[in-house]
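Input: a single structure, listed below in structure tokens.
In what follows, every heavy atom counts, from backbone to side chain, and hydrogens, waters and symmetry copies are set aside. Counting convention: from 1, in listed order, for ligands and their atoms alike. Predicted, not measured: the structure shown is a model, and the values here were computed from it.
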Amino acid sequence: MDTLLTTTSSTNDTSIPIVDFRGFNNPGPTREKIVADLMDAVTSVGFFYLDNAIDIDLVNRMFDLSAKYFALPKEEKRKIPHLVDTNAGYVDVGVENLNFKQKALDYKEAFDVRKANGLYGDEDRLPTVLRDEKDFFIEFQKACLNLISQLLRAFAIGLQIPTSEGGEDYFVNRHRFDGDSGDNFRLLHYPPLPDNDGGEWTRAGGHSDYGTITLLFQTDVGGLEALIQQPGDTQSAFIPVPPRPGSVVINTGDLLQFWTRGLITSAVHRVVIPKGEGAKKSRYSIAYFCHPDNEVTLDPIPSPLCKDLPDFKDKATDTLAYVGVETFMTDKSITALDYLQLRLKASYL
Ligand SMILES: O=C(O)CCC(=O)C(=O)O
Ligand SMILES: [Fe+2]
């Protein structure tokens, strides 16, 4: 599995912005440039690659562990089934369909760990292979959370949140490290399609992410695509987000879109089955879905950049209509936890 992050795909032919995070921790012109680049990326595309952001050895080790977990017999994995109430446990093939409007089901399996009750979730609901590596598991999640808190600061700076409202700590104060939230750490495996299966499958149906931001680690097998409207184009189209070795893919989720009245985009994305021989290869990915503390609401934030924007309902509804969840928009004061549950209930069988 050491070769997982060596890839022959190229990122040259994608319009996904690439941001170098080196130097973010020192206030000054480099940091200002990084913040401006991030804001450009999330207000246009909602997806970007972040270079020099996380220790890639940790990521490779987590992929090794993930492969070990998914290699377990199905009966073993099914002993800890996913429960929607806690959003934790094993998700079998076809059980979660990220786009319930489309006919094709998601040919993937996943293991979800929640942040409540400690970083590693509910220990008694961790399979032995993961429990044996508890310290590493926590170290990895801490590395993700550390990167996330830097990004949350970057967005608060970029959105010019007034000091009286918490300034650069605005989002960090609502994503407390030890708070209970919908944070979800997810190992994903897209197995090769069996020959002559006859079913109608995709890898992950088109959807937007439900939280604040998502960190996504990919291996050498591509297939991730984001729905984007390029400058000058009248319509959106899916463009590839190929693996970029050493880099993290980051996308902004629905909550940032609601909070900023649509200034920040929550792009619809999907994972398609590669054509030809590629379909015979497993794809592994790892996601850290960052959510605010459960009680935070979807109301707009105090940013001068979005205070005069029209109600974001139309733009947000566009995204949500794609997956069929538009009705709740009449009530923006629902909490992040309510919203998460609404989206989960819509996607699980
Ligand atoms: O596996 C991937 O690359 C993306 C998965 C994804 O978008 C999700 O689980 O929300
Ligand atoms: Fe996603």
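Each of F155, Y170, F171, Y339 was checked for a ring pair (Phe, Tyr, Trp, His ring centres under 6.0 Å) with W259, and the lone residue meeting it is F171.
Summary of contacts: the protein heavy atom closest to atom 4 (C) of ligand 1 is V271 CG2, 3.7 Å. At the top of the distance list for atom 5 (C) of ligand 1, counting protein heavy atoms only, stands Y190 OH, 3.4 Å. If you check which protein heavy atom lies closest to atom 3 (O) of ligand 1, you get R283 NH1, 2.8 Å. Summary of contacts: the protein heavy atom closest to atom 9 (O) of ligand 1 is F289 CZ, 3.6 Å.
Near the Fe ion (ligand 2), less than 2.8 Å away, sit the protein N, O or S atoms H207 NE2, D209 OD1, H269 NE2.
With salt bridges taken as basic N to acidic carboxylate O contacts below 4.0 Å, one links R244 and D51. With salt bridges taken as basic N to acidic carboxylate O contacts below 4.0 Å, none links R203 and D106. Under a 4.0 Å N-O distance rule, the pair D57/R61 does not qualify as a salt bridge.
Within the listing of ligand 1, atoms 1 (O), 2 (C), 3 (O) sit less than 4.0 angstrom from a heavy atom of S285. The atoms of ligand 1 that sit less than 4.0 Å from any heavy atom of D209 are 10 (O). Within the listing of ligand 1, atoms 7 (O) sit less than 4.0 angstrom from a heavy atom of H269.
Nearest-residue assignment for atom 10 (O) of ligand 1 (options H189, R186, E225, H207; heavy-atom criterion): H207.
Within the 4.0 Å heavy-atom criterion, the part of L216 lying near ligand 1 is the side chain and not the backbone. Counting heavy atoms closer than 4.0 Å to ligand 1, residue A204 contributes nothing at all. When heavy-atom distances to ligand 1 are checked against a 4.0 Å cut-off, R270 has no atom that comes that close, whether in backbone or side chain.
Side-chain atoms of H189 and S282 form a donor-acceptor pair, as typed in the model, at a separation below 3.5 Å. Inspection of the T265 and Q257 side chains reveals no N or O donor paired with an N or O acceptor under 3.5 Å.
F140 has its ring centre less than 6.0 Å from the ring centre of F217. Ring centers of Y90 and H82: at least 6.0 Å apart, outside the cut-off. Checked against the 6.0 Å centroid threshold, Y69 and F111 count as a close aromatic pair.
Ligand 1 has no nitrogen or oxygen under 3.5 angstrom from a nitrogen or oxygen of Q218.
In this structure, R22 places its CZ atom where only 12 or fewer heavy-atom neighbours from other residues, nucleotides or ligands lie under 6.0 Å away. Heavy atoms from other residues, nucleotides or ligands lying under 6.0 Å from NZ of K74 number more than 12.
Judged by the 6.0 Å and 45° rule, R186 forms no cation-pi pair with F289.
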